[in-house]
Amino acid sequence: MTALDIRAARPDQRVRGGASDWEIIIGLEVHAQVSSQAKLFSGASAAYGGEPNAHVSLVDAAMPGMLPVINKYCVEQAIRTGLGLKAQINEVSRFDRKNYFYPDLPQGYQISQYQHPIVGEGEVEIDGDDGEPIIVRIERLHLEQDAGKSIHDLSPKETFVDLNRAGVALMEIVSRPDMRSSKEAGAYFNKLRSILRALGTCDGNMEEGSMRADVNVSVRRPGEPFGTRCEIKNVNSVRFMAQAIEYEARRQIDVLESGGRIDQETRLFDPDKGETRTMRSKEDAHDYRYFPDPDLLPLVLEPHWIEDVRATLPELPDEKKKRFMSAYSLSAYDAGVLSGDTASATYFETVAKGRDAKLAANWVTQELFGALNKMGVDLADSPVSAAHLGALIDLIADGTINGKIAKDVFAKMLESGDAPGVIVEREGLRQVTDTGAIEKAIDDLIAANPDKVAEVKEKPKALGWWVGQTIKATGGKANPQIVNQILKEKLGI
Ligand code: ADP
Ligand code: MG
C-alpha cells in the first residue's frame, strides 16, 4: 500500500464485475472562482456575463508591456479558504507560467502556481457511504487565472473570442484520491461548496460555472495498488459527476476484465449520451514548460495577516451542524439540512428563536422547503419570511389556530406573502374554544346519529368519527382537545 492509500475498501463499496469485485478510486480537482470584484492581476471587473469583451483591461488582453499586479483581496480569499479547509497556509508561494497556445488565452500562458502553492494540506469531513464521517484529504489549493471563452456556434466559418473571464481568479482545490463511490464524490463536492459559500470566498453558482470539477477515476481489485486513472474534464454538476463516474468505472472494469489495459488519458463527459469519451491521450498531453513568472515576485504573507483572517472566520457548516444538534436537539439529518447553507441556517435560527426548535425545524425543512422546492423558488425569494413563519408557530402555540388550520394558513401565506395573523382575522380562522358553539355542534350530531351513539358506547375507537365530524361542523376551527373532552362527557364514555 502506498502512503496515499489509507482507506481500506469496505464490502459495500465494491462494484461487481464479471469475474470479481472492484473498487472505485476518485480524486477531484475543483476550480472555484474567487468571489472578488476585480480580476487576479488587473482591475477589470470579474462580474459574470456582460457584453462580450466589456470586462477586459490591457493586462487581460496581454497588450505588449503590460504587467500584472496581484489583487490582495484575491490572496486574502485564498488564505480564508485555506483556513476553512483546516489547511497549511504557505507563507511563501510563487506564481509560474503554464504555457499553452489557444485563441482564448492572449498571453500564451496561464499564470498559475505549480510547485509552491499558497495553501498546502488540509481536510474536508464528509459522511461516508456507511454513514460514518470520513476525511477527504486536500493536497493543495493554488491561485490561477481563468481563460477567456471561444464561441464556435455564432458563425459556420469563424470563431469568436470573449475575454471577459480571462484573468478572473480561480482557486484550484486538489483532493487526494480518498473517495470510493460517486456518492462520496458528490458529498465531498457539496461539502466543499457549502464551506466556500459560508466563507464567502466563492458563490458556488454552478449555472454560471463558478465551480467545476475535473474528476479522476480509476478502479482496482480491493487491496491491490491503485490502477491507472483517467481524468474527466470540466464536470459542472453533481448529477453529471455521478453519471460520469459510474460510466467511467464500468468502462474501465470492462476493459480490464477483457484483458485490456487502461491508458492514462483526459476524457470528456457527454451529458446527452451519459458517457465519457477520449479528449486527448497521454501522448498528446501538453508540455506546459512551467517556469516562474518573471513579472511577479514570490508571494510572501505576513503571519499576522493570516492570523487576522483567521480571527474573522465565520462558523463553518460542520460546527454549525454540531451546534444545531446540541443547542436545539435536532436530529443529525435536520441539523445537516439546516446548516448546509448560511441562508437556511439564518432563516431557521430566526424562526426558532424563543420557540420550540424542533417544531420550527419541522416547519422549515418539511413545509417550507417542500413548498419552495415544488415552486422552484430559492429561500432568498421565499414569499414566507422567517418572521411570518415564526408568527404562525406562535398562533398554534397560543391556541389561536389548530395544527390543521395552520397548514391552510401557511398555504395562503405562500400565495399572498401576508402575515399569518392578517390571514386568520381576514378569513375568520380563529380556533373555536367557545365551549357553547362546540356543545351545540355535538348536540346536533347526537340528535342526528342515534346509531353512531350506540356504536361508540360499544367501541370507544369510533370516537375518531365524532371528533372529525364535530371539527368539520365548526369549519375545521374547533380546538381538538376541547372537542374530545366534551364528546366524552356528552357520550358518557
Ligand atoms: P497531476 O499532477 O497529473 O494532475 P496528481 O497526482 O496531482 O496528478 O493528481 C491529480 C488528481 O488525481 C488528484 O485529485 C488525485 O487525487 C487524483 N488521483 C491520483 N491518482 C489517482 C488514481 N490512481 N485514481 C484516481 N484518482 C487519482
Ligand atoms: Mg492536475
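Basis for what follows: all heavy atoms, side chains included, without hydrogens, waters or symmetry-related copies. Counting starts at 1 for both ligands and their atoms, following the listed order. Fair warning: this is a prediction, and the values are worked out from it, not measured in the lab.
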*Please report the C-alpha distance between Q264 and E231 in whole Å, then the side-chain angles of each, then the deciding distance to 0.1 Å, and finally whether the side-chain hydrogen bond (donor to acceptor under 3.5 Å, both in side chains) criterion is met.*
CA-CA 8 Å; Q264 189 173 333; E231 178 176 359; over 6 Å; no
*asked:* Show, in sequence, the C-alpha distance, side-chain angles and deciding distance for T81 and T201, and conclude whether the side-chain hydrogen bond (donor to acceptor under 3.5 Å, both in side chains) test is met.
replied: CA-CA 7 Å; T81 306; T201 56; 3.0 Å; yes
*Closest approach of S194 and P317, non-hydrogen atoms and distance?*
OG-CG, 3.5 Å
_Side chain or backbone, does P177 bring an N or O within less than 3.5 Å of an N or O on ligand 1?_
yes
*Quick one: does NZ or CZ of K98 land under 6.0 Å from the six-membered ring centre of Y288, within 45 degrees of the ring axis?*
yes
*Would one find an N or O of Q264, backbone or side chain, under 3.5 Å from an N or O of ligand 1?*
no
*asked:* Once you restrict to heavy atoms under 4.0 Å, what part of T228 touches ligand 1? Side chain, backbone, both or neither.
replied: neither
*Is there a donor-acceptor pair closer than 3.5 Å between any side-chain N or O of N90 and the backbone N or O of V92?*
no
*Residue V174 vicinity, atoms of ligand 1 by number, heavy atom under 4.0 Å*: 13 (C), 14 (O)
*asked:* Quick check on contacts: which atoms of ligand 1 are under 4.0 angstrom from a heavy atom of L28?
replied: 14 (O)
*asked:* Only heavy atoms of G227, strictly under 4.0 Å: list the atoms of ligand 1 that pass.
replied: 23 (N)
*Considering distance alone, does some N or O of E231 sit under 3.5 Å from an N or O of ligand 1?*
no
*Can you check whether V161's main-chain N or O pairs, donor with acceptor, with N53's side chain at less than 3.5 Å?*
yes
*Residue portion contacting ligand 1 (non-hydrogen atoms closer than 4.0 Å) for R229*: side chain
